[in-house]
Protein chains: 2
Amino acid sequence: MAPRQKSDRVTIKTVAEDAGVSVSAVSKVLRDAYGVSGPLRERVRASMEKLGYRPHAAARGMRGQTYTLGVILPDIHNPFFTDIMSGVNAALERTQYQTLLGIGQSSLGAQQEVIDAMIDRQMDGIIFIGPRMPPPELDALAAKVPMTIIANHSPTAQAYDTVNNDDFLGATLVVQHLVHAGYRNIAMLSLDLPPIEQLQVTTQRELGYRQAMEDAGLRQYIKVVMSEQTPRAIQAAARQLLRSRGRPEAIFCWTDFVALEVLSVAHELGMKVPGDLGVVGYDNTTYCDLAQNALTSIDQSGQVLGLQSARLLIERIKGRTTAEHFVVTPRLVARNSSQPVAR
Amino acid sequence: MAPRQKSDRVTIKTVAEDAGVSVSAVSKVLRDAYGVSGPLRERVRASMEKLGYRPHAAARGMRGQTYTLGVILPDIHNPFFTDIMSGVNAALERTQYQTLLGIGQSSLGAQQEVIDAMIDRQMDGIIFIGPRMPPPELDALAAKVPMTIIANHSPTAQAYDTVNNDDFLGATLVVQHLVHAGYRNIAMLSLDLPPIEQLQVTTQRELGYRQAMEDAGLRQYIKVVMSEQTPRAIQAAARQLLRSRGRPEAIFCWTDFVALEVLSVAHELGMKVPGDLGVVGYDNTTYCDLAQNALTSIDQSGQVLGLQSARLLIERIKGRTTAEHFVVTPRLVARNSSQPVAR
DNA sequence: CGTTCTATGTGCATCGTTCTACAAACCTGT
DNA sequence: ACAGGTTTGTAGAACGATGCACATAGAACG
């Protein structure tokens, strides 16, 4: 490697010499530790400012904290994660912490790699979004590093905190809204995954859907179609569903991304939305608002989820050992795609 | 912080003891350095495997490399970046390197923070996408850490490599395509930024647009409208443009994200696309393919851009000091939004 | 059988922090 | 004035790698 920045780096030692104090003293000031007088603190602060000192993260990682939080996303595709990130960053605004993202690329191997990479790099904590991992492994992971999980229901977990919206309720809202608008034959398009019962967000939404359908006396119309996450697979599933004999009047999609594909397929098949078909998504991402989509969706406030997860994580890093499980109440945002239809 | 992993960590020393060799020997094996015999290498490898050794990134950062590459994105919104990331990861597949993402959140302050954070964390190199930074600062940054830039034209820069598509050509293709389809009054919707002349991708696209319009004898129709990146601002600009007296027959948008908003506004105003208006985007993101958008766009192959940038960056880390500037030839993907219209 | 050379393996200083143990200085209250 | 306590500052040993400088053992040669 080309030689860079030899001895010109401003270290804690440089600052100490400049301020005329010991290295330990500077370290104390840096860490806001006990045992520094006001004047000394000021003198050190001034020197740091003057010299443009920046702490060396790797060196910190050797001993104490790195002040780095890892965020693991299942993929960057889903625009919902943008909201979460902005919440996380907002919570970290006036702290020393910085976030670094890792992308799980949906594949399980990549997910494990990202996790290992973050542990190797001594992240102080991890915010894990939509983990695809059985609870024992999550516990094992939480034993190694403080962790908060978003979008995974495990209300009894003690080793880590969780932040969720009430997916069961959200799905209920969708069904009630559609029923109220006059739809009866309502199908659900969900995610095809090796199911880790009850924990997955999609499972909760499915349960909510089923329950609400039953409560509305629509048991005979219950239909859940599973599909992989790829556009091609989603389109195929939607096409099959819309061409089938008992064609649904409305489709509830587990996430907006899927709903957009359904709109596309409906469009291709010459179906009007609404009119020939009602569509509802989940997450209320920015694309819902576009007039060509006008997609009714459930807002679970990614901002709040992100903010809370960062808050909980820092609490845990600071020493809390009991678990907290934060739940946001979702809310339906009605748009054109689920307008009432005369039948 | 709660006490975790005390002495149970497997370090290079543990491996050395297990294999019955010196610490230095293990280090040599790790680094593939000169001066290790085959048998010793095997013995050490076996021990590492057996003990599940993982190198401590922070410790490495103190002396040598961290094997971590930073990728800086201007925002996560733009789905185009997904493609870039998958290219980057593909290039790093069988190497020791890992990527970590930082998000610039569009704001300049955040951008600087992310850069600092990455330097503090001793990233071996940085892939900087769409930097908002004048050349002298880029040079200064490149002096501190090996760097490759995507989406910023500075073909004479020596301190860093660049990877781009030919934005000038791409814009030309758009205009030629629209002209061929019968459009004459073609406006461009571009990004409002403190311009760093010529370097910005948008500037290049503007220049290409202007040149192509002139070449087509449409000088009198040249019109570039600038707007900020927020949905609200884009919508306002589009609305104003579409309501103006010399209303354009077609709009060329500097990126798909903007084009989707334009489609939305046209939709709201009751205009048909195509028919009343032609729209073309840039980047050929997944959303273009949805039937409700059917957006004609320029494909600049984010995959290739990502792959090349990772390749170049590693070359630079390994010692190359001359600059390379890689340019991809863009290609137009025609969809419904720019269909010929009888006039 | 020395001498020189090469290949292989080791010892240890080093990187920039943190933090424990300790020294020094300063208060108190008798 | 002195024991005891508190506050403020310092010395120096870690942390887990890297990589230079060196030791040692054979090999090759005259």
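Note on naming: letters A, B, ... go to the chains in the order of the sequence lines (proteins, then strands), and numbering restarts at 1 for each one. Any value given below was found using the heavy atoms of this structure, including those in side chains, with hydrogens, waters and symmetry copies removed. Note that this is a predicted model, so its numbers are computed, not measured.
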Let me spell it out: for each of B/A25 and B/Y34, pick the nucleotide of DNA chain C with the closest heavy atom. Which residue's pick is nearer the 5' end?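 By nearest-heavy-atom nucleotide position, the 5'-most residue is B/Y34.
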On the side chain of [X], is there an atom forming a donor-acceptor pair with the base of [N] - under 3.5 Å, no angle test?
X: A/K28; N: D/dG9; result: yes
X: A/R63; N: D/dA14; result: yes
X: B/S24; N: C/dC12; result: yes

Base-pairing assignment for D/dG9 (Watson-Crick or G-U wobble, both under 3.5 Å):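 The base-pairing partner of D/dG9, which may sit in any strand shown, is C/dC22.
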Counting only heavy atoms and a strict 4.0 angstrom limit, can you tell me which residues of residues 39-60 of chain A come near DNA chain D?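 Those residues are A/L40.
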Closer than 3.5 angstrom, by distance alone: can the side chain of [X] be matched with the main-chain N or O of [Y] as a donor-acceptor pair?
X: A/R45; Y: A/L40; answer: no
X: B/R60; Y: B/T66; answer: no
X: B/S154; Y: B/A157; answer: no

Tell me the interatomic distance from [X], atom [atom1], to [N], atom [atom2], rounded to whole angstroms.
X: B/K13; N: D/dT18; atom1: NZ; atom2: P; answer: 16 Å
X: B/L30; N: D/dG16; atom1: CG; atom2: C1'; answer: 11 Å
X: B/I119; N: C/dG16; atom1: CD1; atom2: P; answer: 16 Å
X: B/R9; N: D/dA14; atom1: CZ; atom2: C1'; answer: 15 Å
X: B/M62; N: D/dG19; atom1: CE; atom2: C1'; answer: 14 Å
X: B/Y67; N: D/dG16; atom1: OH; atom2: P; answer: 19 Å

Rounded distance [0.5 Å steps], CD1 in A/I12 versus CZ in A/R54: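 Nearest 0.5 Å value for the CD1-CZ distance: 14.5 Å.
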To the nearest 0.5 Å, how far apart are OG1 in A/T162 and CD in A/E324?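 A/T162 atom OG1 to A/E324 atom CD measures 10.0 Å (nearest 0.5 Å).
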Before giving the answer on salt bridge (Lys or Arg N to Asp or Glu O under 4.0 Å), spell out for A/E315 and A/R311 the whole-Å C-alpha distance, their side-chain angles and the decisive distance to 0.1 Å. CA-CA 6 Å; A/E315 283 181 19; A/R311 182 181 64 78; 2.8 Å; yes
So does [X] get a side-chain nitrogen or oxygen closer than 4.0 Å to the phosphate oxygens (OP1/OP2) of [N]?
X: B/S37; N: C/dA7; answer: no
X: A/S22; N: D/dT10; answer: yes
X: B/R31; N: D/dG19; answer: yes

Taking for each residue the nucleotide of DNA chain D bearing the nearest heavy atom, is the 5' side occupied by A/V23 or by B/I12?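 Going by which nucleotide is closer to the 5' end, it is A/V23.
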Looking at A/T68 and A/Y97, what are the two nearest heavy atoms and their distance?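 Here A/T68 and A/Y97 meet closest at N-CD2, 4.3 Å.
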